[in-house]
Amino acid sequence: MKLLLDTHLLLWAAGEPDRLSANARTLIDAPENELFFSAASLWEIAIKRGLGRSDFQVDARLLRRGLLDNGYGELPIGSEHAIAVADLPPIHKDPFDRMLVAQAMVEGISLLTADSSVARYPGPVRLV
């Protein structure tokens, strides 16, 4: 199964694995699953780190390198993803989360999230 991890799950998987739920850990560790990260997550981390957010202190370059080294696939943002955001209901206002949902829908990938608001979107979104 192809799995796109939301930004917080990426940060936790890379630096604070104890914060992951047992369900998230099982899905991430299952060798049959293909793991992906979005360019939107790295963009979010870079912006929020620049703003001094204490929960976004990882260097996006180092995180990207570590994810690639650990077998994650990189999902770039394309125009089809950007356009698909317009079709999403106004459940969540965060533009990064909305992009992740749109990418999951367009690509047919399950988005894993720990955010119950994001999990309210229709489509391939799983709360873990």
Side-chain angles (χ1 to χ4, degrees):
M1 176 176 9
K2 292 182 177 183
L3 303 174
L4 175 63
L5 276 65
D6 79 0
T7 306
H8 278 99
L9 290 179
L10 282 175
L11 290 170
W12 297 342
E16 299 178 83
D18 292 342
R19 293 192 67 179
L20 294 169
S21 70
N23 189 21
R25 236 174 290 144
T26 298
L27 289 166
I28 291 169
D29 291 342
E32 67 272 13
N33 289 336
E34 252 185 287
L35 304 176
F36 290 87
F37 68 93
S38 171
S41 290
L42 297 180
W43 183 18
E44 179 179 15
I45 291 165
I47 287 173
K48 292 181 178 178
R49 181 178 188 218
L51 294 172
R53 288 265 307 259
S54 62
D55 53 339
F56 287 88
Q57 288 308 301
V58 67
D59 183 317
R61 284 181 195 89
L62 295 176
L63 177 61
R64 178 181 180 271
R65 182 76 268 145
L67 291 169
L68 291 171
D69 288 349
N70 282 287
Y72 283 71
E74 184 172 11
L75 182 59
I77 299 170
S79 57
E80 192 175 0
H81 302 140
I83 292 166
V85 169
D87 297 329
L88 295 177
I91 294 171
H92 201 296
K93 294 182 183 188
D94 184 284
F96 301 106
D97 289 331
R98 291 174 59 80
M99 177 56 71
L100 294 174
V101 171
Q103 286 183 298
M105 292 174 82
V106 168
E107 300 298 328
I109 298 173
S110 293
L111 173 63
L112 300 184
T113 184
D115 185 329
S116 59
S117 294
V118 173
R120 291 178 41 220
Y121 278 101
V125 182
R126 289 181 65 174
L127 183 64
V128 293

**Message:** Counting C-beta onward and ignoring hydrogens, is there a side-chain heavy-atom pair between R25 and W12 closer than 4.5 Å?
**Reply:** no
**Prompt:** Would you call the rings of F37 and Y72 parallel, tilted or perpendicular, where under 30° means parallel and over 60° means perpendicular?
**Reply:** tilted
**Asked** Do any N or O atoms from the side chain of N33 and from the backbone of I28 form a donor-acceptor pair under 3.5 angstrom?
**Response** no
**Item:** Single-linkage hydrophobic cluster V101~L4, side-chain heavy atoms < 4.5 angstrom
**Value:** yes
**Prompt:** Which distance, rounded to the nearest 0.5 Å, do you find between the CG of N23 and the CZ of R126?
**Reply:** 6.0 Å
**Item:** Single-linkage hydrophobic cluster I91~L112, side-chain heavy atoms < 4.5 angstrom
**Value:** no
**Asked** Less than 4.5 Å apart, any side-chain heavy atom of P89 and any of P122?
**Response** yes
**Beyond-backbone contact of M99 with H81, side-chain heavy atoms, under 4.5 angstrom** = yes
**Prompt:** Below 4.5 Å, heavy atoms only, C-beta onward: do E44 and F56 meet side chain to side chain?
**Reply:** yes
**Asked** Are L9 and V58 connected in a single hydrophobic cluster, I mean Ile/Leu/Val/Met/Phe/Trp/Tyr linked by side-chain heavy atoms less than 4.5 Å apart?
**Response** yes
**Message:** Under the criterion side-chain contact (heavy atoms from CB on, under 4.5 Å), I'd like the reasoning laid out for S110 against K2: C-alpha separation, chi angles, the key distance, then a yes or no.
**Reply:** CA-CA 6 Å; S110 293; K2 292 182 177 183; over 6 Å; no
**Request:** Report yes if the side chains of R49 and D59 come closer than 4.5 Å at any heavy-atom pair, otherwise no.
**Result:** yes
**Asked** Can you tell if the side chain of D115 reaches within under 4.5 Å of the side chain of D94, non-hydrogen atoms only?
**Response** no
**Item:** Over all atoms of both residues, closest heavy-atom pair of L88 and A102
**Value:** CD1-N, 4.2 Å
**pair Q103-I109: side-chain heavy atoms closer than 4.5 Å** = no
**Asked** What is the distance from atom OG of S116 to atom CG of L127, rounded to the nearest 0.5 Å?
**Response** 6.5 Å
**Request:** Just do the side-chain contact (heavy atoms from CB on, under 4.5 Å) check on S41 and D6 with the steps written out, would you?
**Result:** CA-CA 7 Å; S41 290; D6 79 0; 5.8 Å; no
**Message:** Do the side chains of R65 and D69 get close enough for a salt bridge, i.e. N-O under 4.0 angstrom?
**Reply:** yes
**Sidechain N-carboxylate O distance under 4.0 Å for D97, R120** = no
**Request:** Please name the pair of heavy atoms, one in P76 and one in A39, separated by the smallest distance, quoted to 0.1 Å.
**Result:** CA-CB, 4.2 Å
**Asked** Does E107 reach the side chain of L75, with side-chain heavy atoms less than 4.5 Å apart?
**Response** yes
**Item:** Cluster overlap W43 with V118, hydrophobic side-chain contacts below 4.5 Å
**Value:** no
**Request:** Please assess E74 against R64 for the test side-chain contact (heavy atoms from CB on, under 4.5 Å), listing each intermediate value before the final yes or no.
**Result:** CA-CA 9 Å; E74 184 172 11; R64 178 181 180 271; 2.9 Å; yes
**Asked** Going only through I, L, V, M, F, W and Y residues with side-chain contacts under 4.5 Å, is there a path from V125 to V128?
**Response** no
**Message:** Using the side chain to side chain contact (heavy atoms under 4.5 Å, CB included) definition, which of the options D55, I45, L5 pairs with L11?
**Reply:** I45
**Request:** Compare every heavy atom of S21 with every heavy atom of A24, then report the nearest pair and how far apart it is.
**Result:** N-OG, 3.0 Å
**Pair R61-L42, side-chain contact (heavy atoms from CB on, under 4.5 Å): steps then yes or no** = CA-CA 8 Å; R61 284 181 195 89; L42 297 180; over 6 Å; no
